[in-house]
Amino acid sequence: MTVGAVAQINRQAFQHNLRRVRDAAPGSRIMAVIKADGYGHGLERVARALSQGKNSADAFGVARLDEAVYLRERGFTQPVVLLEGFLDEAELLTVTQHQLHIVVHHEYQIDILERSKMRAMVTVWLKVDTGMHRLGIAPEATPRAWQRLNACAIVRPPVRLMTHLACADDREDARTGEQVLLFDTCTQDIEAERSIANSGGILGWPQTRGDWVRPGIMLYGSSPFNNDTGADHGLRSVMTFKARLIAIRPSRKGDAIGYGGDWQCPEDMPVGVIAVGYGDGYPRHAMPGTPVRVSGHNVPLIGRVSMDMICVDLRTHPNAHIGDEVILWGDGLPAETIASHAGTISYHLFCSITQRVRVVDIDGDR
Ligand SMILES: *Cc1c(COP(=O)(O)O)cnc(C)c1O
């Protein structure tokens, strides 16, 4: 049996990145976004790493009720915000039982809260749609929705306000400024805590920081922007995805490598085979030329990614040995670089790590 792929998770890097958020938004409280199993890093692991005494997140944000309940069951007592709120009375009951905070983004949720006879107090964030056009109350309907919510017996006043940025991955995009302006305008007569910024807002738009910031990707060490890497913002990568070189083959000029045979050796050359594939979460759409770090040297991917293996061109690294450690992304090779070669984003790579990958915690103060 071949040694499988490993995802190393560096707990110190979480702590470092959380400090980076504090430095970037010193006047704001931090709602650490740990949805989707902590962006693929492991929900409990991430929540622990972000609850370390003084250097702790002030709240957690998750997408699903199950994720929030899981955190409570594992003993986390911090505020946990359900970013998509609740769907019906049954979910609202669970929300109150676990003292979760909810985002209200639609009138149907206000109706349920108004009708509720539950004797509990729920902290509510009212989400305004300022341009994402996915979830949220229309800007002009915001003051009325806010008043209705504050009048609900079950709602703890004053209801907080939030919006979500649609284009913060591009620092040149004028729409972010427009969203902030619209949010400020439609909430100007309301006295309440506010939250706008995701990672892109935190690092790119000082005016979005507000009472609460909601960092996600930057906690995991990646840049939220489409043209740089986490290191450019003083962030450290948390996940290093590793595998092993299991074969080196002397291929001949014209040999077609892998499925479909669409990559052919231009000359006689050494080809390395690595025990990682899309069955582990390596992106199938990674193009030939995607860098792969074999025993400290970046070499190009060749041929198609298969379920359990990838191949690399070892012409520039003739000293590679069978058994050498290979880094797919992480230390020395930003996930953002791999993502751009695969037509995706680092968020997607992290969330794609599969069950069979062994996850290992390390404490490294690099
Ligand atoms: C996912 C999410 C975030 C975090 O976004 P990043 O780009 O990862 O920083 C913040 N707010 C909401 C509502 C989200 O859904």
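All ligand and atom numbering here is 1-based and tracks the order in the structure.
The contact set between ligand 1 and G216, taken as ligand atoms under 4.0 Å from a residue heavy atom, comprises 4 (C), 6 (P), 8 (O), 9 (O). Heavy-atom contacts of Y39 reach the following atoms of ligand 1: 1 (C), 4 (C), 5 (O), 6 (P), 8 (O) (cutoff under 4.0 Å).
Taking the ring pair (Phe, Tyr, Trp, His ring centres under 6.0 Å) definition, one finds that H297 meets it with H317, sequence neighbours left out.
Other residues, nucleotides and ligands contribute over 12 non-hydrogen atoms within 6.0 Å of the CE atom of M121.
Ranking protein heavy atoms by distance to atom 7 (O) of ligand 1, first place goes to Y347 OH, 2.7 Å. Annotation: atom 10 (C) of ligand 1 to nearest protein heavy atom, R214 O, 3.4 Å. In terms of protein heavy-atom proximity, atom 12 (C) of ligand 1 is closest to H164 CE1, 3.3 Å.
For ligand 1, the polar-atom distance check finds an N/O of S199 within less than 3.5 Å of one of the ligand's N/O atoms. Residue I217 has at least one N or O atom closer than 3.5 Å to an N or O atom of ligand 1.
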Derivation of the side-chain contact (heavy atoms from CB on, under 4.5 Å) call for L135 and H106: CA-CA 7 Å; L135 293 181; H106 198 286; over 6 Å; no
Does the pair M239 and I353 meet the rule for a side-chain contact (heavy atoms from CB on, under 4.5 Å), with working shown? CA-CA 11 Å; M239 180 194 291; I353 294 289; 3.9 Å; yes
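To the nearest 0.5 Å, atom CH2 of residue W125 and atom CZ of residue R214 are 8.0 Å apart.
Placement of L182 and W205 in two distinct hydrophobic clusters is found when ILVMFWY residues are connected by side-chain heavy-atom separations under 4.5 Å, directly or transitively.
Residue contacts with ligand 1 for K35 involve side-chain atoms from C-beta outward but no N, CA, C or O (heavy atoms, distance under 4.0 Å).
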